[in-house]
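For reference, the structure is listed below as structure tokens.
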2 protein chains.
Amino acid sequence: MVGISDVARHAGVSTATVSRALSGNGPVLAATRIRVESAARELGYVPSSNASSLASGRMKNIGVVVPFLNRWFFASVVEGAQSALQRNGYDLTLYNLTGGTEARRSVFEHFLLRQRVDAVIAVSLELTENEVTRLHALGKPLVGVGGPLLGVPTLTVDDIAVARLATEHLITLGHTRIAHIGGDKAFDLDFNLPTNRRFGYQAALAGAGIEVSPELYKPADFTMRGGYQAAKQLLGSPHERPTAIFAASDEMAIGCILAARDLGLVVPRDVSVIGVDDHEQAGFFGLSTVAQFPEAQGEKAVEILMNELQAGSAGVADAGTGALNTSMPFELIVRDSTACPPS
Amino acid sequence: MVGISDVARHAGVSTATVSRALSGNGPVLAATRIRVESAARELGYVPSSNASSLASGRMKNIGVVVPFLNRWFFASVVEGAQSALQRNGYDLTLYNLTGGTEARRSVFEHFLLRQRVDAVIAVSLELTENEVTRLHALGKPLVGVGGPLLGVPTLTVDDIAVARLATEHLITLGHTRIAHIGGDKAFDLDFNLPTNRRFGYQAALAGAGIEVSPELYKPADFTMRGGYQAAKQLLGSPHERPTAIFAASDEMAIGCILAARDLGLVVPRDVSVIGVDDHEQAGFFGLSTVAQFPEAQGEKAVEILMNELQAGSAGVADAGTGALNTSMPFELIVRDSTACPPS
DNA sequence: GCCCATGCTGCAAGCGTTTCCATAAACAGT
DNA sequence: ACTGTTTATGGAAACGCTTGCAGCATGGGC
């Protein structure tokens, strides 16, 4: 292994100077810096991050905890975070909690406390107060993505507003019999996501003076199959059939479209469908939707952490950690699955 | 921070003994171990992995490099690897190469060389010889998932056999006009995956004495849209229409099913469709397919690495690193998208 | 009863950086 | 010319753990 002392010898300076020259901490004569840099390049020297971390207390590594990885949303958040971190010279160590309670405990009791990460990003995770305090006690910044976390800076899209936007789009088109397919209570990963979207839906209806009829709401799994089955029920009986469906996710919405087709209905002529996410397959199905931008959320989370880490090292008190909850953008995307109701 | 010396004092032993007691390296009297363990628990001591790594040379961390993350296959491999690593007390640091050439360079020149990982798993990545040598020079075991890598233990499914299995399933059902939708050349991520699947398809036909007609092959994107468009062309003209389609991926196959429906054809009555992957949505669409098991691949990769790391530390020469290419299982899954051809 | 294994334990030397402090050099002000 | 600053550099002490080596009991064989 080529260590810092090799570089030092090669460049005719001390290890202290090499460290300063390469890290940019502390004053170094321009000429010296150049000598050191070329020596390092010549020897193919790469600093050992362990030694560096041990000595400096900075890990240059941040932990990302997700409940699952093979869902489009989570994977995209992680991907966004990864690129952003890489640009900042940070590593990303990934923890997923698929393993259940045991995995979760082990992540929090063991992995995150080992001084291996400078901070953590929790994606769609409802942390217990204990878990939060624990991390704070170690002085590790924490940011949440999706869902407000008590006392933790968090990125969220305003689910109520999202749902309202989608529903209002349908209302604007002239629909009045608008159904909603939401998540059932069991799907509690994402905080109150299902509930909030339902609220937004109801608020939009109320705002337009449309009565909210309970038979137009169907809870379902957050999957195509869930959406499909719910839509089958909603659209099954021709009398009193809704003319539009707002599904709480794109996958569900796609399920709706397929169900409609199977029932011989044409989307959007007979029934309009709108979802939420702008899932990668939304375009293919011509699905109108409200986009949220998971990569951007990952990147933003990183940005916040970088600021906090910098502030922390600058000795700034934990005072103005900024707005605790920063609201992420969303956007109505109209494709071919929504139109005026049949006359 | 509560360090090892605090625990030592608390338990009335030396730091050396604490280290041995908690890590299990070296002999410790049972009574002592218990004293140490309870002291550690009481103080909430967690060893600093940096210090530990620096002193021992073991990082307890392995790097996983993927080209993308938000694709089902990659995410699943990573998820499998993550769980397996967690069970072994290892961290997973993730690198994705979405950033393009620059990202790739920075990963290999910088990140992986910093003594932060004990080994690396490369998923569907054609590493250059330089990259491989570089890692080997550092003594870092490397295993590839998907696609043989020169001189590197690799997990692959036999794509030719997979394609043959799928095609033979169709042949067994009585089909003779069997089309294939494969990947185009540009899709070179996965080594020769498209080509191999095409070979397997042709081999199966040849084996059954069926002529391979070029107009029954369509290259396309590895997406639903790609499969949809290709299927539209294949199924468009009623005369000489194929009675079955073997698509090189489930997403493409789903596209086929949708295309068939849009053309007024019933699957599998008018046309059978089979894919490859057992994608999470295959079940919903009733798609017959050849499953490969990405999580299992991730886990297996970890298993191989664990063995190699152990062997390495045992001072075993690099001799019998085992079969360089271990073949992963696959399995025909028959659902409702394949049946006998129309008579 | 003595000596030699045997098995636990403690001492202390690293591991490869960073950073505090001291030193030295260079320069400005008087 | 002399002190007072300022700036670049080197020496050396951390950082928190692991591990080789030596020491010291303890127990068994003769």
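Numbered from 1 within each chain, the chains take letters A, B, ... in sequence-line order.
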Take the protein atom [atom1] of [X] and the nucleotide atom [atom2] of [N], then report the distance between them rounded to whole Å.
| X | N | atom1 | atom2 | result |
| --- | --- | --- | --- | --- |
| A:Asn25 | C:dT17 | CG | C1' | 12 Å |
| B:Leu54 | C:dG14 | CG | P | 14 Å |
| A:Arg20 | D:dT9 | CZ | P | 8 Å |
| A:Arg58 | D:dA14 | CZ | P | 19 Å |
| B:Arg35 | C:dT9 | CZ | C1' | 11 Å |
| B:Arg116 | C:dT17 | CZ | C1' | 13 Å |
| B:Gln115 | C:dC15 | CD | P | 13 Å |
| B:Met1 | D:dG16 | CE | P | 7 Å |

How would you label the contact of [X] with the nucleic acid (heavy atoms, under 4.0 Å): base, sugar-phosphate, or nothing?
| X | answer |
| --- | --- |
| B:Ser52 | sugar-phosphate |
| A:Thr32 | sugar-phosphate |
| B:Val18 | nothing |
| B:Ser19 | base |
| A:Pro27 | base |

Shortest side-chain distance from [X], nucleotide among [options]:
| X | options | result |
| --- | --- | --- |
| B:Ile4 | C:dG16, C:dG10, D:dC17 | D:dC17 |
| B:Ser14 | C:dG16, D:dC17, C:dG10 | C:dG10 |
| B:Ala55 | C:dG10, C:dC15, C:dT19 | C:dC15 |
| B:Pro47 | D:dC17, D:dG16, D:dA12 | D:dC17 |

Would you say [X] places a side-chain N or O within less than 4.0 Å of OP1 or OP2 belonging to [N]?
| X | N | answer |
| --- | --- | --- |
| A:Arg33 | D:dT9 | no |
| B:Thr15 | D:dC17 | no |
| A:Arg114 | D:dC17 | no |
| A:Ser48 | C:dG16 | no |

Worksheet item: Between B:Leu155 and B:Ile304, is a side chain to side chain contact (heavy atoms under 4.5 Å, CB included) present by the stated rule, with each step listed?
Response: CA-CA 10 Å; B:Leu155 304 178; B:Ile304 292 181; 3.6 Å; yes

Practice prompt. Name the residue closer to the 5' end of DNA chain C, choosing between B:Thr17 and B:Ala51 according to the nucleotide with the nearest heavy atom.
Written response: B:Thr17

Could you tell me whether the side chains of [X] and [Y] share a donor-acceptor contact shorter than 3.5 Å?
| X | Y | value |
| --- | --- | --- |
| A:Thr156 | A:Asn325 | yes |
| A:Ser49 | A:Ser52 | no |
| A:Thr98 | A:Asn96 | yes |

Worksheet entry | SB check B:Lys300 B:Glu303 (cutoff 4.0 Å) |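 So B:Lys300 pairs with B:Glu303 through a salt bridge.
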
Item to complete: Give the C-alpha distance, both sets of side-chain angles, the deciding distance and a yes or no for side chain to side chain contact (heavy atoms under 4.5 Å, CB included) between B:Val302 and B:Arg87.
Response: CA-CA 10 Å; B:Val302 169; B:Arg87 280 197 299 276; over 6 Å; no

Response to the item:
The side-chain contact (heavy atoms from CB on, under 4.5 Å) partner of B:Met59 among B:Arg116, B:Gln115, B:Lys140 is B:Gln115

Practice prompt. Take A:Leu94 and B:Val64 through the side chain to side chain contact (heavy atoms under 4.5 Å, CB included) test and state the conclusion after the steps.
Written response: CA-CA 10 Å; A:Leu94 180 73; B:Val64 174; over 6 Å; no

Practice prompt. Please figure out whether A:Leu29 or B:Asn50 has its closest DNA chain D nucleotide nearer the 5' end.
Written response: A:Leu29

Discussion item. Pairs counted only when both distances fall under 3.5 Å, Watson-Crick or G-U: show me the 5' to 3' dot-bracket for DNA chain D, [ ] for pseudoknotted crossings and | for other-strand partners.
Written reply: ||||||||||||||||||||||||||||||

